[in-house]
Undergrad: 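Quick one: the structure is below, questions incoming.
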Amino acid sequence: MKKTVQKAASLLLSLLFLLALVPMASAVTIDCQHDWKLVEDTTVSVGDARTCKAHHHIYQRCWHCGMENYENERTYYTYPSHTQHTTSANCDGRTQTLSWYCSRCSYHGQTVQRCPNAPHTGECTALPLSVGPEVTIK
């Protein structure tokens with residue numbers, strides 16, 4: 001008798017669950033009066049030593065239901081300059097070597113340039129990461 005009551009209760013709960021799903025399923029099929037907005041997805045990757053490569057993808061998405069519309073989609077590329085962040089720097093008294101990375105595309109590079117305080121000995125005061133006393137070569 002106890003097993004029969006448990007089976008009946010289980011069957012009743014299953015039916016109630018199925019009945020609860022019917023209104024939810026019908027709500028999904030209601031037509032949305034789409035209100036489209038333009039969406040631009042941009043992905044940045046390494047371009048070359050001077051620029052990043054940005055891939056722009058433009059399409060429409062409904063504000064209400066989230067449906068995406070690719071009927072008038074556009075794709076284009078731009079090549080923005082690297083956003084350089086210096087990670088290390090050194091100077092031999094005449095030439096500076098700056099190691100950097102781009103915060104947009106993670107490109108790693110080096111820049112070699114004449115030291116603005118050349119010639120000198122000791123620590124270079126013109127480096128972006130290390131400032132110390134400078135001794136001038138005579």
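As the structure is a prediction and not an experimental result, all values here were calculated from the model.
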Undergrad: Would Lys53 pass as a cation-pi partner of Tyr79, given that its NZ or CZ must be under 6.0 Å from the six-membered ring centre and within 45 degrees of the axis?
TA: no
Undergrad: Using distance alone, with no hydrogens and no angle criterion, decide if Thr111 and Trp100 have a side-chain donor and acceptor under 3.5 Å apart.
TA: yes
Undergrad: Side chain of His82, backbone of Asp48: donor and acceptor closer than 3.5 Å?
TA: yes
Undergrad: Establish, from distance only, whether the side-chain atoms of Arg74 and Tyr76 form a donor-acceptor pair under 3.5 Å.
TA: no
Undergrad: Using a 4.5 Å cut-off on heavy atoms from C-beta on, say whether the side chain of Gln113 contacts that of Thr95.
TA: no
Undergrad: Looking at side-chain heavy atoms only, is the closest gap between Ser81 and Arg50 below 4.5 Å?
TA: no
Undergrad: For the side-chain contact (heavy atoms from CB on, under 4.5 Å) test, which of Asn90, Asn117, Leu127 pairs with Gln96?
TA: Leu127
Undergrad: Where do Arg61 and Gly66 come nearest, in terms of heavy atoms and distance?
TA: CG-O, 3.6 Å
Undergrad: Between Gln33 and Asp35, is any pair of side-chain heavy atoms under 4.5 Å apart?
TA: no
Undergrad: Are any of the side-chain heavy atoms of His56 and Thr78 separated by less than 4.5 Å?
TA: yes
Undergrad: Are side-chain heavy atoms of Cys102 and Gln84 found at a separation under 4.5 Å?
TA: no
Undergrad: For residues Glu68 and Trp36, report the shortest heavy-atom separation together with the two atoms involved.
TA: C-CZ3, 4.3 Å
Undergrad: Any sub-3.5 Å donor-acceptor pair from Thr83's side-chain atoms to Ser103's backbone N or O?
TA: no
Undergrad: Could you walk me through whether Cys91 and Glu123 pass side chain to side chain contact (heavy atoms under 4.5 Å, CB included), step by step?
TA: CA-CA 8 Å; Cys91 180; Glu123 290 191 47; over 6 Å; no
Undergrad: Is the closest side-chain heavy-atom distance between Val39 and Asp41 below 4.5 Å?
TA: yes
Undergrad: Any side-chain heavy atom of His57 sitting closer than 4.5 Å to one from Glu73?
TA: yes
Undergrad: Hey, does Leu98 have a side-chain heavy atom less than 4.5 Å from the side chain of Pro128?
TA: yes
